[in-house]
2 protein chains.
Amino acid sequence: MEENGEFNPFHSQILTATVGNASAMFLGQYTYTLDDKGRLTIPARFRDELTGSIVVTRGLDHCLTIYPMDVWDEIAQKVNALPITDPRGRALRRVFFADASSAELDRQGRILIPDRLREYAGLGLTTEAVIVGLDRFLEIWAPERWEETNARQMEMMDENPALWENLQI
Amino acid sequence: MEENGEFNPFHSQILTATVGNASAMFLGQYTYTLDDKGRLTIPARFRDELTGSIVVTRGLDHCLTIYPMDVWDEIAQKVNALPITDPRGRALRRVFFADASSAELDRQGRILIPDRLREYAGLGLTTEAVIVGLDRFLEIWAPERWEETNARQMEMMDENPALWENLQI
DNA sequence: TATAATTGTGGGTGATTATGGGGAAAAATG
DNA sequence: CATTTTTCCCCATAATCACCCACAATTATA
């Protein structure tokens, strides 16, 4: 609901609706409170794309990631193809799956964040959390950490443009 | 096939767990107590995927593994396909088959862990055990061992981002 | 602007779950 | 064959979890 007071061009319902191939399109950032039971409300405009099961897991840079099932399936398939005879295959498998958690939205549109993941992301109970839409999935951040990471990334972009050259975007 | 020490998960010829029907999906880690009768409760959310017979056996890294029957069949088939002339084939056969034990959940959702397997995993009676979901099967760990292994794996991932990149996620 | 609908958030309550223990059946032992 | 031991099933219970309802605040609608 509250959009951190900034102009958000992706606010409209139209843009968040499905486009053709039924893949979700999550855009924008929102701040919600994690209640004392570890529940986090998912923005109402994202809920249509998150019916049925979803997967919450550990993301990079100490944030959490929420995947719709179809996106998760792609990842799980790749991880499942790793050889269990290779220690590195076993490690990746464990890192990916052991901290993942499948969940469903309750009737109020919330999900339960397991304690372990909450702590990994530096989130307490009865605290704010930032939900960031990244087109195909969501990220959940502790506000301070999001602030900081976001700033550092902008800085990186400004100071060292060469870093971004070979991305072909 | 070249093996220059680099990890390419998709080039392994030894043992790759295949991608099957998306029915089973074991995710997350849970701590339960192994009671003085050697029984271990399986998390309720996993039980629907473990009706009928399951297989408990030794895993790599001194943990135990629990397979639903269809997944076990796949693994057994792959191990059987390994040439007995290859020392690795012989080793894997012994690890997987020699102490395998078929079991069923009792009406309270528990399985009985045979003594030999318990000892292999460093588990006593009336102790805690960590049950780790790895999507298609489960692992059972002595808490200290899991703690240590997990920490080392995280480290490995942090120090070696190339491991992630092979996954193309 | 007034009214209706939706959304975020909190709390209460019934259902589920983890886990210990008792007792019947089966197996082992002498 | 009798007795002890082991194995396994089922019940009981306390704690946890998830569902549901309610309210307040915001947004949409007329």
Side-chain angles (χ1 to χ4, degrees), chain A residues 1-8 10-17 26 28-54 56 66 101-118 123-131 133 138 140 143, chain B residues 26-54 56 66 101-118 123-133 138 140 143:
Chain A
M1 171 184 42
E2 153 81 12
E3 298 189 13
N4 300 338
E6 288 175 28
F7 170 63
N8 186 339
F10 307 115
H11 183 101
S12 91
Q13 184 70 22
I14 296 168
L15 278 172
T16 54
F26 306 114
Q29 50 181 284
Y30 310 89
T31 302
Y32 285 79
T33 61
L34 231 157
D35 69 18
D36 59 346
K37 291 181 181 174
R39 299 177 298 188
L40 179 68
T41 302
I42 301 297
R45 62 169 60 78
F46 291 167
R47 289 179 199 159
D48 285 347
E49 303 294 344
L50 294 173
T51 53
S53 285
I54 63 178
V56 190
I66 297 182
S101 153
S102 99
E104 291 189 16
L105 302 197
D106 69 12
R107 217 152 274 184
Q108 279 64 39
R110 298 172 290 196
I111 54 166
L112 188 73
I113 309 283
D115 290 356
R116 193 163 4 90
L117 290 178
R118 256 200 19 252
L123 291 161
L125 290 173
T126 327
T127 46
E128 309 249 282
V130 180
I131 303 177
L138 306 176
I140 301 171
Chain B
F26 306 116
L27 298 177
Q29 49 184 289
Y30 308 90
T31 303
Y32 285 81
T33 60
L34 231 157
D35 68 17
D36 57 348
K37 294 179 182 175
R39 299 176 299 187
L40 179 68
T41 302
I42 300 297
R45 54 164 58 74
F46 292 167
R47 290 180 200 158
D48 285 348
E49 305 292 345
L50 294 172
T51 54
S53 283
I54 61 179
V56 190
I66 297 181
S101 144
S102 131
E104 291 191 16
L105 302 196
D106 70 14
R107 224 148 277 182
Q108 276 64 40
R110 299 173 289 199
I111 54 166
L112 189 71
I113 309 282
D115 289 356
R116 199 173 326 154
L117 288 177
R118 258 201 16 252
L123 290 162
L125 290 174
T126 328
T127 46
E128 310 246 281
V130 180
I131 302 177
V132 182
L138 305 177
I140 301 171

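What you see below is based on every heavy atom in this structure, not just the backbone, and it leaves out hydrogens, waters and symmetry mates.
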Out of C:dG8, C:dT19, C:dT17, which has the shortest distance to the side chain of B:Ala44?
C:dT17
Do you know which two heavy atoms are closest between A:Leu123 and A:Ala129, and how far apart they sit?
CD2-CB, 3.9 Å
Taking all non-hydrogen atoms of both residues into account, name the closest pair between B:Leu40 and B:Tyr32 and its distance.
CD1-CB, 4.1 Å
Please walk me through it: do A:Arg118 and A:Asp115 pass side-chain contact (heavy atoms from CB on, under 4.5 Å)?
CA-CA 5 Å; A:Arg118 256 200 19 252; A:Asp115 290 356; 2.9 Å; yes
Give the rounded distance in Å between these two atoms: NZ of A:Lys37 and C1' of C:dG8.
15 Å
Nearest whole Å is fine: how far is C:dG8 C1' from A:Asp106 CG?
11 Å
Would you mind reading off the distance between A:Glu104 atom CD and D:dC17 atom P, rounded to a whole angstrom?
17 Å
Take atom CZ of A:Arg39 as the centre, draw a 6.0 Å sphere, and report whether it contains more than 12 heavy atoms from other residues, nucleotides or ligands.
yes
Can you find a side chain N or O atom of B:Thr41 that sits less than 4.0 Å from OP1 or OP2 on C:dA18?
no
Whole angstroms only, please: what is the CZ-C1' distance between B:Arg107 and C:dT16?
18 Å
B:Pro43 or B:Arg39: which one's nearest nucleotide on DNA chain C is closer to the 5' end?
B:Pro43
Evaluate B:Ile54 against B:Leu105 for side-chain contact (heavy atoms from CB on, under 4.5 Å), listing each step before the verdict.
CA-CA 8 Å; B:Ile54 61 179; B:Leu105 302 196; 4.0 Å; yes
Minimal non-hydrogen separation, B:Gly52 against B:Glu104, with atom names:
O-CG, 3.7 Å
Rounded to whole Å, the CG-P distance (A:Asp36 to D:dC17) equals 13 Å
Could you state the atom-to-atom distance from OH of A:Tyr32 to P of D:dT26 in whole Å?
13 Å
CZ of A:Arg47 versus P of C:dT6: gap in Å, rounded?
12 Å
Can you establish whether the number of heavy atoms outside A:Arg47 located under 6.0 Å from its atom CZ is more than 12?
yes
Whole-Å distance separating the CG atom of B:Asp48 from the P atom of C:dT16:
13 Å
Heavy atoms under 4.0 Å, any strand shown: does B:Asp35 hit a base, just sugar-phosphate, or nothing?
sugar-phosphate
Within residues 108-116 of chain B, those residues having any heavy atom closer than 4.0 Å to DNA chain C are B:Gln108, B:Arg110
